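Just below is one structure, and these are the notes that go with it.
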Amino acid sequence: MALHLYNTATRSKELFTLPEGQSAVRLYCCGPTVYHFAHIGNLRTYIFEDSLRRVLEYYGYAVNHVVNITDVGHLTSDGDDGDDKMEKGAARTGKSVWEVADFYTEAFMKDWKALNIIEPSIWCKATDHIQEQIALVQKLEEKGYTYRTSDGIYFDSAKFPRYPDFAHLDVENLQQGSRVDMGEKRTVTDFALWKFSPENQKRAMEWDSPWGIGFPGWHIECSAMAMHHLGSTLDIHCGGSDHVRVHHTNEIAQSECATGKPFSRFWLHGEFLRMGSDKMSKSAGEFLTVSLLMEKGFNPLDYRLFALTSHYRNYLNFTWEALESAREGFKNLHKKTDALIGKAGKIESERAQQWQNKFKEAIGDDLNMPKALGILNGVLKDDLADCEKAALVLDFDLVLGLCLDHPRKDYASKKDVVDASKVEELISLRATARASKNWAESDRLRDELKLMNVTIKDGPEGTTWST
RNA sequence: GGCGACGUACCCAAGUUGGUAAGGGACGGCUCUGCAAAAGCCCUAUUCCUCGGUUCGAGUCCGAGCGUUGCCUCCA
């Protein structure tokens, strides 16, 4: 069984292997710009990257996983003008840019934890790697790939003939149809490596450099940090599909011009989550966050399951109905797995091994998680021994990350936690009513419990309840 | 203007090199039950936007059309 991944660079599925003698996968994922909360569309991409990491590990690879935190330099326009996102966030919240960065970084990590996304081996902040970025720009300057304008040092994309190849760009037409203000740029695809601070204004974040006081361009941070932590060639570089044209194309240009080596062997891109016909966008004002989902009574893992029901390279339409469907499905899944997990034995029978192989094949086929979920359901329906079923569930959950090794209650949000003594009291009242065949009162009490999100179950041993 | 993606049951969605439609949710039916709930079982597309073509055979390949939609501004 081999692992195949769809590589944006070649637009085809390719066999993934590690170069000879290399012990760990060098994985770099473009992380968040911490000027605002992450919305669930952003998070879909990180769930996809988490699946990738888990699949790599399931296939026996060690993974050196690096995720960046962009806390400087990302302007509100990729055309290298507009405001700095961080300064904008600071203005909006009345905090300093550094406070904004810390606040949203923490919020972001909380979301990761809630969604059971495995932490990267290394989190790296752009502001902690200013010297690496300056050094990279210097190297490009030495090799003659840069030029200076009144507002910064720019990359001269015309000197990198392969520039349009990655994203299949038609530069001439881009030039014609461009909505980007050219400023002093020579070619529409040129981009800022280092921006000068405005003369009349002190920026909250600025550093000294060989070219004067200023701050790094957005694209340079990823190249600098990726190469600093993982070396000049990566095995896999990930991000959202929107990064293909500008961000990753620029990363390739600046990195490969600096080192003369391929920047990444594989490029994987996650497709957008959509709301109705709109994509979810931070600049559009309102957007959905994990905490909003929780306020509406969802468990963050309901969303994780929802994300896993579609393939990462396809658009996924978000509707509340679809999320509810995922929540119901998740409850039903837990009913089955909760009854099994204590019984886990070994995967021994040929039949169980076949299931395991099917699962491995599905996830190895460019991370086909929807198919993998189907296989999980197949196992639960099959007439295997419980100890083997349980073992398979736990094995699959290594990749699915749905916390199936814990009963559902263990990760219920605080909101779901109910007053147990009150519940017991109502149940005993109901028992009295039932004993005297007062069904109306009995049903009323059940409805009352239902309002508290408590489900009761009458059995031979008396009444039990759950949330 | 350039470059893309998608169109499978009520909803979400898989479908690998073409061989005769996964899975989940909802709905409905049955068992059980005072009725429910819970649990268990069962049912739900002769058909994959349309029309042509290739083929013994196409959701799956090719062509045209229709529809939806993304990126090239910020965006994951």
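All chains are named by letter (A, B, ...) in the order of the sequence lines, taking the proteins before the strands, and each is independently numbered beginning at 1. All values reported here derive from a predicted model rather than from experimental measurement.
Checked against Tyr312(A) for a side chain to side chain donor-acceptor pair (under 3.5 Å), the options Thr45(A), Asn368(A), Asp366(A) give a single hit: Asp366(A).
Spacing between atom CZ of Phe272(A) and atom C1' of A5(B) amounts to 12 Å, rounded to whole angstrom units. Remark: P of C41(B) and NZ of Lys381(A) are 9 Å apart, rounded to the nearest angstrom. Rounded to a whole Å, the CZ atom of Phe306(A) is 7 Å from the P atom of A13(B). Between Asn368(A) atom CG and G15(B) atom P there is a gap of 5 Å when expressed in whole angstrom units.
Of all nucleotides listed (A5(B), G25(B), A14(B)), A14(B) comes nearest to the side chain of Ser310(A).
Contacts of Leu316(A) with the nucleic acid, taken as non-hydrogen atoms under 4.0 Å apart, involve only primed sugar atoms and P, OP1 or OP2. Asp366(A) comes within contact range of no nucleotide atom at all, as no heavy-atom separation falls under 4.0 Å. Within the nucleic acid shown, Phe48(A) has no heavy atom closer than 4.0 Å to any nucleic acid atom. Contacts of Gly239(A) with the nucleic acid, taken as non-hydrogen atoms under 4.0 Å apart, involve only primed sugar atoms and P, OP1 or OP2. Residue His269(A) is classed as having no contact, given no heavy-atom separation below 4.0 Å to the nucleic acid.
Taking atom P on both C27(B) and U17(B), the two are 37 Å apart, rounded to the nearest angstrom.
Note on Asn314(A): every side-chain N or O is 4.0 Å or more away from OP1 and OP2 of A13(B).
In this model, no donor atom of one side chain and acceptor atom of the other lie less than 3.5 Å apart for Tyr35(A) and Asp71(A).
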